[in-house]
Amino acid sequence: MKGFARLVLLVLVSGALFFGCSSSSQTVGEKSSGLPTFYKEISPFSVTDSVGILYKLPFQGGFNVPRPQFADMDGDGDPDMFIQEETGRIKHFENVGISGVPHFEWRSDAYKDLDIGEWYRVVDLDNDGDMDILTEERFSYVRYYRNEGDRLDARFVMVVDTLLDATGTPIFADRQNIPQIVDIDCDGLLDLFIGRVTGTITHYESVGYDDDRIPRFRFVTDRWEDIEIVGQNVSLHGANTMNFADIDNDDDLDLFWGDFFEAGVLLIRNQGSCGAPSLRSEPIGFPLNNRVQTSGYNAPVVLDLDMDGDLDMVFGVLGGAFNANSTTRDNLYYLEQTEPDHFEVNSMRFVNDLDAGSESVVKLADLDGDGDLDLILANKIEPSNQKTSLMFVFENTGTKEKAAFTYKETVDLTNTYHQTPAIADLDGDGDLDMLVGKWNKEIAYFNNSGSATSYNFEEVNPVYEVLSRGQNAVPALVDIDADGDLDLFVGEASGSMNYYINNGSAQQAQFELISDTYLDIDTGRRSFPTFADLDKDGDYDMILGTELEGLLLYLNKGTAQVADFQLFGNFGVDVQVLSAPEFADIDADGDLDLFVGGSSGGIIFYRNGK
């Protein structure tokens, strides 16, 4: 319980900042397939933490490496929030609040469907009053999306896929670094700064535009201001991010730097002037009153978020040299400036969502026998105790028609990584037992020595089954031959599938391995099986989560007694890497809704629209 208390206590957001949601629809297959349509929802029902605080965006999906930026993209006078979590796309949260009281609503996981590679920068590049976007062009060049809409309604067009300097040479920007564009010398022209893994900064100066209004930059130096950032705790430098802002109100821009080998954010003060910048002072830890320490590689943004006349900071923790596993949950900081040069950590989870850390697994089961489904959220490695993984249990305190989840307890059953549960009555006594897959080849068996209304899981056999090969055992229990007992399928890291038939009974299972290469399935890496009758023909279909291929649907063209799985294709919903699906009728309307875990540690929810 202690580990989870840390999770829920640190996600609190200031009462002045609010988050909301929106919905989007995504379709599975063609209408002629008889398959349902699923609609993504961020806040479909309430979820409450251990101290009674509601998660504002519970099913946003979590963050591991958030790269935030803010810009007024709709011309309403307040900053909207953009966060890159995955390669190639940007999440969009619209600010629909009032001045000084931001209220962010989720709008999209793929803003304008822009392909952004490994980084992006929002900037008015053509000086027309609306925001354009620079992104990474694979590999390590610069792509330019011009806003050909206006400040009220952005419409982006890729102008060039490789930005050239004044001599016609492609500008190289290391893909692991996030550059910055500002007018550093107040001459009305933008300067381009690109951090290098050597800890130095390359400076390009704008020389205006060509005939197509494409900016041209002149190379100035590879050692701007002779800056060379070296990690203060280690004599190394590496991947980096930067941001400029006038933090001391002296009318010139100071530099903020995040580095792979730096646990905090560094500040280099501009001791010159607006027209003659000088940033040759020693880097100092920020904030001055209480230096923030993380796992490193922090991506800062400095802005007046609460519009009180001074600058605040939001930074994402990308995970550097200081144990990235420790910040897979607490990784989006909001630092509020409460008085000059004094910053308080307002939140470590600025977007307040369910987040177990990384590689989440979600299960739904009636653990307390009250007729509704409870929620279990498991992780790969627990950030606050990296010797194990954990399961967080949320009791359904609502009804079977209208769920409401409240944190109940934290469970550490096997003290190992990748605890992946399969929950069912394995001994026919009317309560739910559990098989738990582990990071290695093993599956443990836990008997419920309690009752259907008060569970108590006790380990019967820590090595109940062992994969013949592979690791990351992911068990799934289903009566695939309709003989009244549960059979066992196990996914694994290699992407293949294992099938065990139950030659025992509903009261005493005896699993026999039939195939460790079932149907010759090979998802490339990681197979995560679950079963559901999606086409409502009376037999179980198979859905596989994968590392990179999304959800794969195998329709059962056989019968309930003799399965014949045939690959239908991609399930057609937007999921994360390392997707882990779970189907359940959460609203008791007779159809199955979809919950999906994944690499970022949270949960994505899709309601079945039939």
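Start at 1 with the first residue, then count along the sequence.
No more than 12 heavy-atom neighbours from other residues, nucleotides or ligands sit within 6.0 angstrom of NZ on K400. Around the CZ atom of F511, the shell of radius 6.0 Å holds more than 12 heavy atoms that belong to other residues, nucleotides or ligands. For E549, the CD atom counts as loosely surrounded, since its 6.0 Å shell holds 12 or fewer non-hydrogen atoms of other residues, nucleotides or ligands.
Taking a cutoff of 4.0 Å between a charged side-chain nitrogen and a carboxylate oxygen, D115 and R138 qualify as a salt bridge. Here K557 does not pair with D537 in a salt bridge; the nearest charged N to carboxylate O distance is not below 4.0 Å. We find that D587 and K402 are not joined by a salt bridge, their nearest charged nitrogen and carboxylate oxygen being 4.0 Å or further apart. Using a 4.0 Å cut-off between a side-chain N of Lys or Arg and a carboxylate O of Asp or Glu, R526 and E547 do not qualify as a salt bridge.
For the pair D593 (side chain) and N608 (backbone), a donor-acceptor distance under 3.5 Å is present. Checking side-chain atoms of S358 against main-chain N and O of S599 turns up no donor-acceptor pair under 3.5 Å. Under the 3.5 Å distance criterion, the side-chain polar atoms of D174 are left unmatched by any main-chain donor or acceptor of N177. Checked by atom type and distance alone, the side chain of D535 never pairs as donor or acceptor with a backbone atom of G34 at under 3.5 Å. T406 places no side-chain N or O within donor-acceptor distance of the main-chain N or O of T397, the cut-off being under 3.5 Å.
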(request) Test W439 against T416 for side chain to side chain donor-acceptor pair (under 3.5 Å), laying out the working first. (result) CA-CA 7 Å; W439 69 273; T416 188; 3.1 Å; yes
(message) The test is side chain to side chain donor-acceptor pair (under 3.5 Å); show your working for S295 and S326 and say whether it passes.
(response) CA-CA 7 Å; S295 66; S326 67; 4.7 Å; no
(message) If you apply the rule side chain to side chain donor-acceptor pair (under 3.5 Å), what do you find for T453 with D368, and how did you get there?
(response) CA-CA 4 Å; T453 57; D368 51 12; over 6 Å; no
(message) Could you go through F392 and F405, starting from their C-alpha distance and side-chain angles, then the distance that decides it, and tell me whether this counts as ring pair (Phe, Tyr, Trp, His ring centres under 6.0 Å)?
(response) CA-CA 12 Å; F392 306 120; F405 295 108; over 10 Å; no
(message) For a side chain to side chain contact (heavy atoms under 4.5 Å, CB included) check, start with the C-alpha distance between I543 and L534, then their side-chain angles and the critical distance, and finish with the verdict.
(response) CA-CA 10 Å; I543 304 90; L534 291 177; 3.8 Å; yes
(request) Using the ring pair (Phe, Tyr, Trp, His ring centres under 6.0 Å) rule, take Y445 and Y464 through it: C-alpha gap first, then chi angles, then the decisive distance, then the call. (result) CA-CA 6 Å; Y445 172 39; Y464 183 65; 5.0 Å; yes
(request) Kindly indicate, with the supporting measurements, whether the criterion ring pair (Phe, Tyr, Trp, His ring centres under 6.0 Å) is fulfilled by F571 and F38. (result) CA-CA 10 Å; F571 195 67; F38 287 86; 5.6 Å; yes
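For F489 and F531, the ring centers sit closer than 6.0 Å to each other. Here Y111 and F82 bring their ring centres to under 6.0 angstrom of each other. In this structure, the ring of Y518 has its center less than 6.0 angstrom from the ring center of Y499.
Proximity of V351 to W106: side-chain heavy atoms (C-beta onward) are nowhere separated by under 4.5 Å. Side chains of L375 and K408 form no contact here, defined as non-hydrogen atoms less than 4.5 Å apart. For the pair D433 and D431, the minimum side-chain heavy-atom distance is below 4.5 Å. Counting heavy atoms from C-beta outward, Q176 and E118 have side chains that stay 4.5 Å or more apart. Using a 4.5 Å heavy-atom cutoff, the side chains of P66 and N331 are in contact. For the pair D516/R469, a side-chain contact is recorded, criterion being any heavy-atom separation below 4.5 Å from C-beta on.
Note on residues 386-398: no pairs pass salt bridge (charged side-chain N to carboxylate O under 4.0 Å, His left out), not counting sequence neighbours.
Among residues two or more places apart in sequence or in another chain, the salt bridge (charged side-chain N to carboxylate O under 4.0 Å, His left out) test is passed with D109 by K40, K91. Every side-chain contact (heavy atoms from CB on, under 4.5 Å) that K441 has, sequence neighbours left out, goes to V466, L467.
In this structure, N556 and V562 approach most closely via the heavy-atom pair OD1-O, 4.4 Å.
Among L367, V436, N447, the single residue meeting the side-chain contact (heavy atoms from CB on, under 4.5 Å) criterion with F457 is L367.
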